[in-house]
Amino acid sequence: MAKILIAEDEQDIRELVAFALRLSGHDVITFTNGQEAWENSKSEMPDLILLDVRMPIMTGYEACERIKSNPATTHIPIVFLSAKGQEAEIQAGLNAGACEYLLKPFAPDELAKQIQVILDKF
């Protein structure tokens, strides 16, 4: 299946998302902040990146912008997974370069299905 990079600072959520995606057959790499996601995106070359918005060191928005500005990683689809569901937050995520903005809380099986639909588009 696909290689998915996850950046989420909350350990319980990070582990739940990783578990759900691994159960669906994906190879998952996890990081705790946006800077780690950005720094490792080129070397890992995932098929999809899943970012939280609010993280220490570097936000998901900043990481997304940096990943999308690099010619080597600009093609990688980025999805935000956040509890911040206000229209301005969603628009900021899409403006940063994300292809989708999903909301917490989520059902793990539904998240895996949504991620597969996005992967199928790309």
Side-chain angles (χ1 to χ4, degrees):
M1 294 296 273
K3 183 178 195 179
I4 301 174
L5 186 153
I6 299 169
E8 167 65 61
D9 60 319
E10 292 185 39
Q11 182 178 354
D12 293 345
I13 295 173
R14 185 174 59 249
E15 290 176 0
L16 179 62
V17 172
F19 177 78
L21 295 176
R22 285 183 180 123
L23 196 61
S24 295
H26 300 293
D27 180 20
V28 177
I29 309 127
T30 62
F31 297 101
T32 60
N33 62 64
Q35 183 170 336
E36 291 175 347
W38 168 60
E39 290 174 346
N40 289 282
S41 61
K42 188 173 177 184
S43 62
E44 293 291 346
M45 280 309 220
D47 298 300
L48 184 136
I49 298 173
L50 192 59
L51 298 173
D52 185 19
V53 170
R54 302 282 180 239
M55 294 182 283
I57 305 173
M58 182 185 291
T59 69
Y61 296 146
E62 293 169 312
C64 182
E65 288 171 349
R66 290 185 184 196
I67 292 165
K68 288 298 185 178
S69 70
N70 183 336
T73 55
T74 192
H75 69 283
I76 301 170
I78 297 177
V79 176
F80 280 106
L81 181 61
S82 178
K84 306 287 183 195
Q86 296 85 357
E87 187 58 39
E89 294 278 348
I90 295 169
Q91 196 57 53
L94 298 175
N95 289 344
C99 66
E100 190 66 63
Y101 195 107
L102 305 176
L103 296 176
K104 299 174 189 173
F106 57 87
D109 59 329
E110 284 302 313
L111 176 65
K113 288 177 188 173
Q114 289 176 303
I115 294 298
Q116 189 57 55
V117 168
I118 295 165
L119 284 166
D120 290 344
K121 289 181 189 176
F122 293 90

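As the structure is a computational prediction, the values presented were derived from the model and not from experiment.
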Just by distance, do the side chain of [X] and the backbone of [Y] share a donor-acceptor pair under 3.5 Å?
X     : Y     : result
Arg22 : Val28 : yes
His26 : Ala2  : yes
Glu10 : Asp12 : no
Thr73 : Lys42 : no
Glu62 : Thr59 : yes

TODO: Please test Lys104 against Asp52 for salt bridge (charged side-chain N to carboxylate O under 4.0 Å, His left out), starting from the C-alpha separation and ending with a verdict.
DONE: CA-CA 10 Å; Lys104 299 174 189 173; Asp52 185 19; 3.3 Å; yes
Would you give the length of the straight line joining atom [atom1] of [X] to atom [atom2] of [Y], rounded to the nearest 0.5 angstrom?
X     : Y      : atom1 : atom2 : result
Thr30 : Ile6   : OG1   : CD1   : 6.5 Å
Ser24 : Ile115 : OG    : CD1   : 10.0 Å
Lys68 : Ile78  : NZ    : CD1   : 5.0 Å
Ile57 : Thr32  : CD1   : OG1   : 6.5 Å
Leu50 : Gln114 : CG    : CD    : 10.5 Å
Cys99 : Leu48  : SG    : CG    : 6.5 Å

Are [X] and [Y] packed together at the side-chain level, in the sense that at least one heavy-atom pair is separated by less than 4.5 angstrom?
X      : Y     : answer
Arg54  : Glu89 : yes
Phe106 : Leu16 : yes
Ile29  : Asn40 : no

Checking Gln91 against Asn95: is there a side-chain donor and acceptor pair closer than 3.5 Å?
yes
**Request:** Can you see which heavy atom on Pro56 is nearest to which on Asp9, and at what distance?
**Result:**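 Looks like CD-CB, 3.5 Å.
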Quiz prompt | Lys3, NZ atom: more than 12 neighbouring heavy atoms under 6.0 Å | solution = yes
From the list Phe80, Tyr101, Trp38, ring pair (Phe, Tyr, Trp, His ring centres under 6.0 Å) with Tyr61 holds only for Phe80
